[in-house]
Amino acid sequence: MAVPYNHRAIEAKWRTNWEKKPVNVNDGTKPKYYCLDMFPYPSGNGLHVGHWRGYVISDVWSRYKMLQGYYLIHPMGWDAFGLPAENYAIKMGVHPAVSTAENVRNIKKQINDIAAIYDWDMEVNTTDPAFYKWTQWIFVKMFKEGLAYEKEFPINWCPSCKTGLANEEVVNGVCERCGSPVTKKNLRQWMLRITKYADRLLSDLDRLDWPEKVKKMQTDWIGKSYGAEVDFKVDGREDSIRVYTTRPDTLFGATFMVLAPEHAMAASLATDETRGAVEKYIYDASMKSNVDRLQDKEKTGVFTGSYAVNPMNGAKIPIWLSDYVLADYGTGAIMCVPAHDDRDFEFAKKFNIPIIQVIAKDGKEIEDMQEAYTEASGTMINSGEWNGMESSVLKKEAPAMIEERGLGKKTVNYKLRDWVFSRQRYWGEPIPIIHCPKCGNVPVPEDQLPLTLPEVESYQPTGTGESPLAAIEEWVNTTCPCCGSPAKRETNTMPQWAGSSWYFLRYVDNKNDEKLVSREKADKYLPVDMYIGGVEHAVLHLLYSRFYTKFLCDIGVIDFDEPFTKLFNQGMITGKNGIKMSKSKGNVVSPDELVEDYGCDSLRMYELFVGPPELDAEWDDRGIDGVSRFLKRFWNLAVTSIEKNVPATKEMVKVRHQLTHCITERLNSFSLNTVVSGFMEYNNRLIDLAKSTDGAVDLETIETFVTLLAPFAPHIAEELWEMLGHDDSVFHTSWPEYDPDEMKDDEIQVPVQINGKTRVVISISAEASKEEALEAGKAAVAGKISGTIIKEIYVPKKIINLVVKNK
RNA sequence: GCUGGAGUGGCGAAAUGGCAGACGCGACAGACUCAAAAUCUGUUUUCCGCAAGGGAGUGUGGGUUCAAGUCCCAUCUCCAGCACCA
């Protein structure tokens, strides 16, 4: 009687063996393959089955690459700065560093249950001063290059987290972290000039092997638009107002102008009659939160009493204020062409402003216009010298024409804003800047980094816009590194994204205290070949990382300017009915018991089997029985085969090559769920074949199967590999190859259709000619044809279709 | 509103334009068992039929094709992202 499959014993044994003798070794001759997981935040909640998915996917891919002969770089680390640890500190009075270390210990233990082949020698932790020394160093470099600057302006403020937020962290007007409505607060902020890289961040997307969805999201986020800035003189005054438009072709149709209430000239445009209303509107707008502003879809506005002059035709148009115009995009002022813009149309209708059509749709003006005609397609009308031109052509040419005549200039705009980089919280990297009354902002000298985070009495955010660090006088008060006079330290800290924007560079040289990463190692091991993680970082982490990488490339630290060559976003594992797993919903499924009951190998395979890796999947414990039974059946087949050692039949050889082909193809196309079903299918076939050979198949077939299975179920694979008589790890063999000639069937099944409906399936020789196939097909359905065959189709080895016409 | 993605058995799902439902879960029947679990064998889209066989069928309506889940046009529903960016 064969040894039964005992996952507990096998998994424990191999865990120990691998620890004693690591499998992934760099012998200096193999090419590298860098497969990276998005590093986790070490939360106190621990891992659930959803977290496993991404890690299993990346581990399977990593082990596959290893079997293909690569030296694998597959590290793991901790993105450990951030609010949860700090909030926990406030509640429990424990230093965030203490709770963080505790969480890291626990999560590391849980991650080890996955049996992923991480190289823990490369581990990094963003809160380690030896790490954040370089986070600060990058900031200093950016400061010196003019990319980090201070600015006071109304930023997004989360009243609950009591900190400023970047645009990317505001989702539908609420805080990404806690869901509180975001308000505006005037604060002095550190900013990073990411906009300087807008064009490169946009155009370099073309080079990346990333999901189109993510590229599209980044493209939209950067939001490049082409247009013109045009000056409109204020009637009766010397000054003019500059507007930005992407539709200069419609200039003759401008019947009014709107300024954002925050526009610098807004108040000055009021007349004696309108002053009260204008000032009230400006005040009300300043009190509105983002959420209110988003929810009030109904347009509001106030007429200033002043008029602007259309530079093309001298028409006087009223100037209004409205909060549908954004102060910080373009020039904060727009010309309004209600006939050809939805928002202007709505506003004009509401306030009875004339509508002039300047593009003839289908050759004529639209009668009784009910909505704006927004396409740049049609002939120009009511447009003076532009009459008769094609709108789409004029749209492209007008900016240059306007510039030539001195009416304005051709220009490009981006939705992307500079990155608000300071946070008024404790648990982050201190911004290494000293404010000197004489020298201004002076960076902490590089040889004095890291600037470590001091101990504080209270982690409580102050809410005044000052970080808790501001209360520590002996830390705040320092001397200027330039002139030695008394000076004050910057007390804001960096956002959580700071460390995660470059951590992937550090893994390969994590103990280097001279350099962020040595150029040699960077050239040898970077960039990341495959990056695996959730799609939630499409415009945050993934955009910031690209920016950092480009900057570090520009200053010569590294020699590549895109960090992640290939990106894969795994779908989320949800609870029943697609509800996100969360503690508060009580639908969290822990992997711990599943590992105990079924084993790591079974859970790994089930994580893949639940559905296509890129789609969300609802978790259902019951399905794991399927993969568990498969592993048991394969174990029994393998053990019996080892015992009996039967010779290979022709059929076994064929199935072996087909299996290798099937698994390799599906793995290459990243169809991991069907790889698992492929294993099951071929296991069933082999078990069926073995019925006539004493329950066994030949050992070469078992070896092949074991090797193919190894990335998925490494423990059982190693155990069987050993039982097959090998004394080295299965991961040191190479990925099996298949011979297309060996895979071929002698006899093939071909359905025979009459008018597209299958009537019978015949078995013919794989070598059969078209004539022979059709002959056999016709013979098989002879009795079913009532009429004349008018067309005969034979798709080789696929199908026969006879088109029959009734008499 | 815009941009993606998805709609296929009781359920998770599979299908380079070529037998729709592979693989698995669940269910049902049988074998083994005193019994149960485990395991093994079989059935399992649906309708008509004792059967042989036949009809229908991939959200809905059209189209292209010898052949459509797959391609084209229109339309509905659900999920996600963005959201007054001129």
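Order of the sequence lines sets the chain letters (A, B, ...), proteins ahead of strands, with each chain counted from 1.
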Legend entry - Geometric class of the A:Tyr244/A:Tyr329 ring pair [parallel <30°, tilted 30-60°, perpendicular >60°]: perpendicular
Inset, instruction - Taking the six-membered ring for Trp and the single ring otherwise, decide whether the centroids of A:Phe705 and A:Phe634 are under 6.0 Å apart. - result: yes
Inset, instruction - For this output row, return yes or no: ring centroids of A:Phe679 and A:Phe712 closer than 6.0 angstrom. - result: yes
Legend entry - Pair A:Lys224-A:Asp199, salt bridge (charged side-chain N to carboxylate O under 4.0 Å, His left out): steps then yes or no: CA-CA 8 Å; A:Lys224 185 175 187 175; A:Asp199 252 326; 2.6 Å; yes
Inset, instruction - Let me know, please, whether A:Glu681 or A:Leu802 comes out on the 5' side of the other along RNA chain B by nearest nucleotide. - result: A:Glu681
Distance below 4.0 Å between [X] side-chain N/O and [N] OP1 or OP2:
{"X": "A:Arg759", "N": "B:G54", "value": "yes"}
{"X": "A:Lys216", "N": "B:G4", "value": "no"}
{"X": "A:Tyr329", "N": "B:A86", "value": "yes"}

Measuring only the [atom1] atom in each nucleotide, how far is [N] from [M]? A whole number of Å is fine.
{"N": "B:G9", "M": "B:A27", "atom1": "C1'", "result": "13 Å"}
{"N": "B:G4", "M": "B:C11", "atom1": "C1'", "result": "27 Å"}
{"N": "B:A56", "M": "B:U41", "atom1": "C1'", "result": "32 Å"}
{"N": "B:U70", "M": "B:U60", "atom1": "P", "result": "11 Å"}

Among [options], which nucleotide sits nearest the side chain of [X]?
{"X": "A:Leu326", "options": "B:G26, B:A86, B:C19", "value": "B:A86"}
{"X": "A:Lys213", "options": "B:G26, B:G4, B:C19", "value": "B:G4"}
{"X": "A:Thr246", "options": "B:A86, B:C84, B:C66", "value": "B:A86"}
{"X": "A:Gln749", "options": "B:C19, B:C82, B:A86", "value": "B:C19"}
{"X": "A:Asn684", "options": "B:C23, B:A86, B:C84", "value": "B:C23"}

Legend entry - Qualifying residue for side-chain contact (heavy atoms from CB on, under 4.5 Å) with A:Leu774, from A:Ile789, A:Ile793, A:Ile800, A:Val752: A:Ile800
Inset, instruction - Can you establish whether the number of heavy atoms outside A:Lys410 located under 6.0 Å from its atom NZ is more than 12? - result: no
Legend entry - Side chains of A:Tyr606 and A:Asp620, donor plus acceptor under 3.5 Å: no
Legend entry - Cation-pi check, A:Lys299 onto A:Phe347 ring (under 6.0 Å, within 45° of axis): no
For nucleotides 13-17 of chain B, list the nitrogen or oxygen atoms of the protein found under 3.5 Å from its nitrogen or oxygen atoms, one pair per line.
{"unit_1": "B:A14", "atom_1": "OP1", "unit_2": "A:Asn673", "atom_2": "ND2", "d": "2.8"}
{"unit_1": "B:U16", "atom_1": "O4", "unit_2": "A:Lys798", "atom_2": "NZ", "d": "3.1"}

Legend entry - salt_bridge(A:Lys691, A:Asp688) N-O dist < 4.0 Å: yes
Below 3.5 Å is the cut-off: list the nitrogen or oxygen pairs between protein and nucleotides 39-49 of chain B, distance only.
{"unit_1": "B:C40", "atom_1": "OP1", "unit_2": "A:Arg633", "atom_2": "NE", "d": "2.8"}

